[in-house]
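Have a look at the structure below before the remarks.
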Amino acid sequence: VGRMYVDQVLVDLISQLQQQIGVAPFGSEITNRFFKAFTKGKTVQQAMLDLVNDLFGDYGLVVLIADEPRLKKLYIPVLEADLFLHEPSRIVEATCNRLAEHHSVQQYPRDINVFYLKDAIRQRIEKTEEGYKVHDQDLTFTETELKELLHTHPEQFSPNVILRGLYQETILPNIAFIGGGGELAYWLQLKDLFDHFQVPYPVLVLRNSFLVVEEKWKDKIEKLGFTLADFFQEPDQLLNRIVDRTSANKVRLNGNFEKAENLYDQISLQAGEIDATLRQHVAALKTRSLKYLEELEKKMLRAEKRKYEAQNRQLRQIKSNLFPNENLQERVENMSYFYAQWGTDWLHAIYEHSLSLEQQFVILTHQKN
């Protein structure tokens with residue numbers, strides 16, 4: 001994507017975004033940053049670098065463009081081992097098989113884990129009986145031709161997900177790698193690969209996760225008698241709690257369950273004195289009766305919950321805002337909305353409240369001055 005050029009379609013997309021968030025206090029500010037970075041004729045790579053530098057340069061952020069011939073040249077030994085010996089495939093597959101005994105494996109390697117990268121083409125390189133070919137393209141190479149191309153134009157080769165981590169740690173070794181849950185899961189598959197190529201394997205650190213809660217949602221939650229943490233539960237569970245604490249009708253049969261159990265226990269003793277084999281029959285009756293009572297309690301609860309439609313709608317509205325599409329907010333919402341509301345103060349708040357090695361979920365609440 002980085003080598004593609006910014007065109008009118010992309011510029012028009014920013015214009016659409018401006019129409020959606022331009023009325024917000026800082027809506028024009030963030031879209032103007034986009035327009036400034038993404039100008040027609042510039043590569044997406046350069047545009048994104050300019051945008052990231054514009055947003056975060058004051059924090060001391062350094063951006064390294066890995067798609068650079070001099071850096072790719074450092075990775076030629078690994079690319080050769082993958083293309084011609086398939087070593088990474090065998091190493092990672094063995095690691096995956098061990099991990100699969102206890103964990104879900106994120107990514108499995110291919111025999112060749114390298115893409116051919118030129119202009120707008122980024123396609124897999126595949127081994128054939130005659131030599132090598134680029135998937136879905138009319139491009140073929142002999143082994144000699146491919147080796148020569150690799151050494152003269154390493155920028156025309158791109159590692160896939162299996163080799164990308166090793167590449168970044170080859171060109172810029174890190175003490176720690178900070179990533180999301182999915183990223184760390186597949187990085188666990190790469191430890192033996194790092195050892196084989198004698199590249200230092202970084203400490204894996206789970207990145208920070210945030211939930212941004214606007215004041216209006218915080219107020220609604222408090223009026224319903226809940227905390228923000230409560231909304232990590234499902235709306236049905238929260239509605240049950242509302243019914244339990246506010247309903248004038250008794251919809252729980254807890255005491256009656258105990259009475260029923262005691263009754264059947266007494267009957268079992270009495271029947272057992274007459275005939276020991278009758279205890280098994282009483283036990284079956286007890287199980288069946290308690291099941292019917294449990295179903296009755298559920299029906300009573302459903303009937304009572306229908307009286308709480310307003311609260312039910314509120315719970316689901318709040319839940320869908322905090323966890324859109326039943327997912328984490330950060331997985332769905334674009335940062336543009338939050339910037340449009342609070343500008344660089346929001347970026348600074350994220351920075352100030354970022355944890356270091358604490359594995360905790362951070363909830364940021366907005367309060368009006």
Side-chain angles (χ1 to χ4, degrees), residues 1-67 120 178-180 207-223 228 231 314 316-355 361-369:
V1 173
R3 294 188 185 183
M4 296 181 181
Y5 289 92
V6 177
D7 57 10
Q8 189 60 46
V9 175
L10 188 50
V11 174
D12 289 343
L13 187 64
I14 300 173
S15 297
Q16 291 179 38
L17 180 64
Q18 188 176 45
Q19 292 171 18
Q20 293 179 11
I21 65 174
V23 296
F26 299 93
S28 294
E29 182 177 310
I30 184 59
T31 51
N32 285 339
R33 286 180 183 260
F34 290 155
F35 279 124
K36 178 183 173 183
F38 288 85
T39 56
K40 287 178 65 175
K42 189 187 291 186
T43 63
V44 172
Q45 175 176 267
Q46 186 60 48
M48 184 57 72
L49 187 151
D50 291 343
L51 175 64
V52 169
N53 184 63
D54 186 30
L55 289 170
F56 307 112
D58 290 343
Y59 293 93
L61 179 68
V62 175
V63 179
L64 177 70
I65 297 179
D67 187 19
I178 302 170
R207 66 164 172 77
N208 291 322
S209 281
F210 288 89
L211 171 64
V212 180
V213 183
E214 295 179 71
E215 189 173 43
K216 62 179 180 180
W217 299 113
K218 183 172 175 289
D219 290 344
K220 289 178 183 291
I221 289 169
E222 290 176 352
K223 286 179 182 177
L228 286 168
F231 273 81
Q314 282 184 295
R316 295 184 185 282
Q317 184 185 32
I318 296 168
K319 182 74 176 185
S320 65
N321 179 269
L322 302 185
F323 298 92
N325 301 335
E326 298 183 356
N327 213 328
L328 290 181
Q329 187 186 65
E330 63 190 27
R331 291 284 189 181
V332 179
E333 301 293 353
N334 185 271
M335 59 83 70
S336 305
Y337 170 78
F338 302 108
Y339 190 109
Q341 298 298 320
W342 306 300
T344 54
D345 285 348
W346 176 71
L347 292 180
H348 190 66
I350 293 287
Y351 179 80
E352 285 296 313
H353 295 285
S354 287
L355 305 175
F361 192 97
V362 181
I363 300 176
L364 290 180
T365 57
H366 171 249
Q367 293 182 334
K368 294 179 182 177
N369 295 328

The reported gap from CG in D58 to OG1 in T344 (rounded to nearest 0.5 angstrom) is 9.5 Å
Using 0.5 Å steps for rounding, measure from the NZ atom of K223 to the NZ atom of K218. 12.0 Å
Might you confirm whether atom OH of Y59 has over 12 heavy atoms from other residues, nucleotides or ligands at distances under 6.0 Å? yes
I want to check something: taking the side chain as every heavy atom from C-beta on, are M335 and L55 in contact at a cut-off of under 4.5 Å? yes
Verdict with reasoning, F35 to V11, per side chain to side chain contact (heavy atoms under 4.5 Å, CB included): CA-CA 7 Å; F35 279 124; V11 174; 4.1 Å; yes
If you define the side chain from C-beta out and look only at heavy atoms, does anything of L355 sit under 4.5 Å from V362? yes
Applying side chain to side chain contact (heavy atoms under 4.5 Å, CB included), run through L328 and F361 and close with a yes or a no. CA-CA 11 Å; L328 290 181; F361 192 97; 3.9 Å; yes
Exercise: identify the closest heavy-atom pair between F210 and N208: CE1-CB, 3.6 Å
Identify each donor-acceptor pair in which a side-chain atom of residues 16-32 lies under 3.5 Å from a protein atom, sequence neighbours left out, and give them as a table.
{"unit_1": "E29", "atom_1": "OE2", "unit_2": "Y339", "atom_2": "OH", "d": "2.5"}
{"unit_1": "T31", "atom_1": "OG1", "unit_2": "G27", "atom_2": "O", "d": "3.0"}
{"unit_1": "T31", "atom_1": "OG1", "unit_2": "S28", "atom_2": "O", "d": "3.2"}
{"unit_1": "N32", "atom_1": "ND2", "unit_2": "S28", "atom_2": "O", "d": "3.1"}

Rounding to 0.5 Å, atoms CD1 (I221) and CD1 (I318) come to a distance of 5.0 Å
Any donor-acceptor pair under 3.5 Å linking the side chain of D7 with the backbone of L10? yes
Step through the shown structure and confirm whether more than 12 heavy atoms of other residues, nucleotides or ligands are within 6.0 Å of OH on Y5. no
If you compare all heavy atoms of Q329 against all heavy atoms of N321, which two are closest, and at what distance to 0.1 Å? NE2-O, 4.1 Å
Could you give all pairs that pass the salt bridge (charged side-chain N to carboxylate O under 4.0 Å, His left out) test and reach residues 318-331, with sequence neighbours left out? R207-E330
d(E333 CD, L322 CG) to nearest 0.5 Å is 10.5 Å
Under 3.5 Å, which donor-acceptor pairs do the side chains of residues 40-48 form with other protein atoms, sequence neighbours left out?
{"unit_1": "K40", "atom_1": "NZ", "unit_2": "Q8", "atom_2": "OE1", "d": "3.3"}
{"unit_1": "K42", "atom_1": "NZ", "unit_2": "A37", "atom_2": "O", "d": "2.8"}
{"unit_1": "K42", "atom_1": "NZ", "unit_2": "D50", "atom_2": "OD2", "d": "2.9"}
{"unit_1": "T43", "atom_1": "OG1", "unit_2": "Q46", "atom_2": "N", "d": "3.1"}
{"unit_1": "Q46", "atom_1": "NE2", "unit_2": "D50", "atom_2": "OD1", "d": "3.0"}

Let me confirm one number: the CG-CH2 distance from L364 to W342, rounded to the nearest 0.5 Å. 9.0 Å
Are any side-chain N or O atoms of Q314 and backbone N or O atoms of K220, one a donor and one an acceptor, separated by less than 3.5 Å? no
Any idea how F38 and F34 line up, ring-wise: parallel (<30°), tilted (30 to 60°), or perpendicular (>60°)? perpendicular
Return the OH to CZ distance between Y351 and F56, rounded to the nearest 0.5 Å. 12.0 Å
